[in-house]
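Keep in mind that this is a model prediction, so the values were computed, not measured. Note that these values count all heavy atoms, side chains included, but never hydrogens, waters or copies made by symmetry. Whatever order the structure lists ligands and atoms in, that order sets their numbers, starting from 1.
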Amino acid sequence: MKWEEWKPFYERIVKEMGYSVEEDEKAAEILRAILIENDNYIIKEELNSVIMEKVYVFGAGPNLEEEIKGREFSDGTKIAADGATSALLKNGIIPDIVVTDLDGRIRDLLEASKRSIMVVHAHGDNIDKLPLVVEFPVVLGTCQTKPLDIVYNFGGFTDGDRAVFLAEELGAKEIFLIGFDFSGRVGKWSKPWLKDHVEAWEVKRKKLMFAKELIEWLAKNGKARIFLGSQEL
Ligand SMILES: Nc1ncnc2c1ncn2[C@@H]1O[C@H](COP(=O)(O)OP(=O)(O)OP(=O)(O)O)[C@@H](O)[C@H]1O
Ligand SMILES: Nc1nc2c(c(=O)[nH]1)N=C(CO)CN2
Ligand SMILES: [Mg+2]
């Protein structure tokens, strides 16, 4: 997705969520500087070989564990959205790619990063966490403001829908959403401090509404076919 196409969505998100554009821009610059200094970044083209025609995107909904139990997903590329990484590792599934803004369980992100490509998102509220990327061997940087040379913006807001926009950008033909649930409950994998699935708190409810809207928009306007459970969106 081009920046001009993403900009109106971003402007609505900033207004609704009360984010600072300046802080989001500053975060992108800081991530860029860390990646260049540490030289552990990749460019978008290096991800092309990882994306198969079929892509599974794993979200941190309460249905995640049920939906992955006993399955391997070896016929497609596996992309974990942040907190979902923990459930995948626990069930012996290694994601090919992890999309994160670094607020999942850090120990699991570090464990995954030994074998997964880490797509790390910079925003105004995770600037203090960005130095962690030096611990990841292979990183693709993303932001939600105007993209920089090595810090990309493929569109999307939350880790889950950004993973779907990434798959679309890289040419996936079919994208299957696993552990996505827009009924208002948050899966326990979503945050390190959650012990069980819970009712979404106000900020999370708004984030999940944007995630749903953006995925539905992409299903209509993108090239890939997108499936939620047995339903094609
Ligand atoms: N019911 C759900 N509860 C939590 N996440 C869900 C749910 N359904 C889908 N998801 C997707 O799973 C992704 C991974 O969840 P996680 O909470 O770790 O990510 P996040 O986007 O970093 O959230 P936050 O911004 O609150 O930190 C979410 O970004 C969201 O797109
Ligand atoms: N400024 C800011 N931007 C974000 C945030 C956030 O908490 N603050 N959370 C996101 C993941 O859902 C994506 N973008
Ligand atoms: Mg996150």
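Protein heavy atom closest to atom 2 (C) of ligand 1, with residue, atom name and distance, is Gly61 CA, 3.4 Å. Regarding atom 8 (N) of ligand 1, its nearest protein heavy-atom neighbour is Asp181 N, 3.1 Å. For atom 27 (O) of ligand 1, the nearest protein heavy atom (residue, atom name, distance) is Asp103 OD2, 2.2 Å. Of all protein heavy atoms, the one closest to atom 6 (C) of ligand 1 is Leu208 CD2, 3.7 Å. Shortest contact from atom 14 (N) of ligand 2 to any protein heavy atom: Gln144 OE1, 2.9 Å. Among protein heavy atoms, the minimum distance from atom 9 (N) of ligand 2 is reached at Lys207 NZ, 3.1 Å. Summary of contacts: the protein heavy atom closest to atom 17 (O) of ligand 1 is Ser190 OG, 2.4 Å. Ranking the protein heavy atoms by distance from atom 18 (O) of ligand 1 puts Gly83 N, 2.9 Å first. Scanning all protein heavy atoms for the shortest distance to atom 11 (C) of ligand 2 gives Asp101 OD2, 3.3 Å. Taking atom 25 (O) of ligand 1 as the reference point, the nearest protein heavy-atom neighbour is Lys207 NZ, 2.5 Å. Given atom 31 (O) of ligand 1, the protein heavy atom at minimum distance is Thr158 OG1, 2.7 Å.
Of the N or O atoms in Thr158, none lie within a sub-3.5 Å distance of an N or O in ligand 2. For a threshold of 3.5 Å applied to N or O pairs, the pair formed by Asp125 and ligand 2 contains at least one separation below that value. Annotation: Ala211 places no N or O atom under 3.5 Å from an N or O atom of ligand 1; distance criterion only. Residue contacts with ligand 2: Asp24 is placed with a nitrogen or oxygen under 3.5 Å of a nitrogen or oxygen of the ligand (distance criterion only). In terms of polar-atom proximity, defined here as any N/O pair under 3.5 Å, Lys204 does make such a contact with ligand 1. At under 3.5 Å, not a single nitrogen or oxygen of His121, backbone or side chain, sits near a nitrogen or oxygen of ligand 2.
Close approach of ligand 2 to Gly124 (heavy-atom distance below 4.0 Å) involves ligand atoms 1 (N). Contact atoms of ligand 1 toward Arg185: 1 (N), 2 (C), 3 (N) (distance under 4.0 Å to a heavy atom of the residue). Within ligand 1, the atoms closer than 4.0 Å to a non-hydrogen atom of Gly187 are 3 (N), numbered from 1 in the order shown. Annotation for ligand 1: atoms under 4.0 Å from non-hydrogen atoms of Asp161 are 31 (O). Heavy-atom contacts of Asp101 reach the following atoms of ligand 1: 22 (O) (cutoff under 4.0 Å). Near Pro62, the atoms of ligand 1 lying under 4.0 angstrom from a non-hydrogen atom of the residue are 1 (N).
Here the closest heavy-atom approach between residue Trp6 and residue Leu214 is recorded as CZ3-CD2, 3.7 Å. Contact between Lys90 and Trp189 at its shortest, heavy atoms only, is CD-CH2, 3.9 Å. Nearest heavy-atom pair across Asn40 and Phe136 is ND2-O, 2.8 Å.
The closest side-chain donor-acceptor pair between Tyr56 and Asp96, if any, does not fall under 3.5 angstrom. In this model, a donor atom of one side chain and an acceptor atom of the other lie less than 3.5 Å apart for Asp24 and Tyr10.
With respect to the Mg ion (ligand 3), Asp82 has OD2 as its nearest N, O or S atom. The Mg ion (ligand 3) sits nearest to atom OD1 when only the N, O or S atoms of Asp101 are considered.
Cluster membership check: Ile42 shares its hydrophobic cluster with Ile79, using side-chain heavy-atom separations under 4.5 Å among Ile, Leu, Val, Met, Phe, Trp and Tyr.
Within the 4.0 Å heavy-atom cutoff, Lys191 counts among the residues contacting ligand 1. Within the 4.0 Å heavy-atom shell around ligand 1 one does not find Ser183. For Ala84, the closest heavy-atom approach to ligand 1 does not fall below 4.0 Å.
By the 4.0 Å N-to-carboxylate-O rule, Glu65 lies too far from Lys69 to be salt-bridged with it.
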(request) Starting from the C-alpha separation in whole Å, work towards a yes-or-no answer on salt bridge (charged side-chain N to carboxylate O under 4.0 Å, His left out) for Glu23 and Lys26. (result) CA-CA 5 Å; Glu23 287 296 298; Lys26 188 170 126 192; 3.8 Å; yes
(request) Could you walk me through whether Lys220 and Glu216 pass salt bridge (charged side-chain N to carboxylate O under 4.0 Å, His left out), step by step? (result) CA-CA 6 Å; Lys220 283 202 184 67; Glu216 284 170 354; 5.9 Å; no
(request) Run the numbers on Arg205 and Glu202 for side-chain contact (heavy atoms from CB on, under 4.5 Å), then give the verdict. (result) CA-CA 5 Å; Arg205 195 185 58 76; Glu202 185 59 11; 2.9 Å; yes
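Taking the side chain as every heavy atom from C-beta outward, Leu102 and Leu130 approach each other to under 4.5 Å. Thr100 has its side chain out of reach of Thr85: every pair of non-hydrogen atoms, C-beta onward, lies at least 4.5 Å apart.
For Phe58 and Phe73, the ring centers sit closer than 6.0 Å to each other.
The residue among Ala60, Gly59, Gly184, Pro192 with a heavy atom at the shortest distance from atom 5 (N) of ligand 1 is Ala60.
Centred on the Mg ion (ligand 3), the OD2 atom of Asp159 and the OD1 atom of Asp103 lie at an angle of 170°, reported to 10°.
In this structure, Asn38 contributes its side chain and Ile34 its backbone to no donor-acceptor pair below 3.5 Å. Formation of a donor-acceptor pair under 3.5 Å by the Ser116 side chain with backbone atoms of Pro95 is found in this model. Proximity of a side-chain donor or acceptor of Asp82 to a complementary backbone N or O of Asp159 within less than 3.5 Å is not detected.
The number of heavy atoms from other shown groups lying within 6.0 Å of NZ (Lys129) is above 12. Annotation: Lys206, atom NZ; neighbour count of heavy atoms from other residues, nucleotides and ligands within 6.0 Å is above 12.
Residue contacts with ligand 1 for Asp159 involve both N, CA, C or O and side-chain atoms from C-beta outward (heavy atoms, distance under 4.0 Å).
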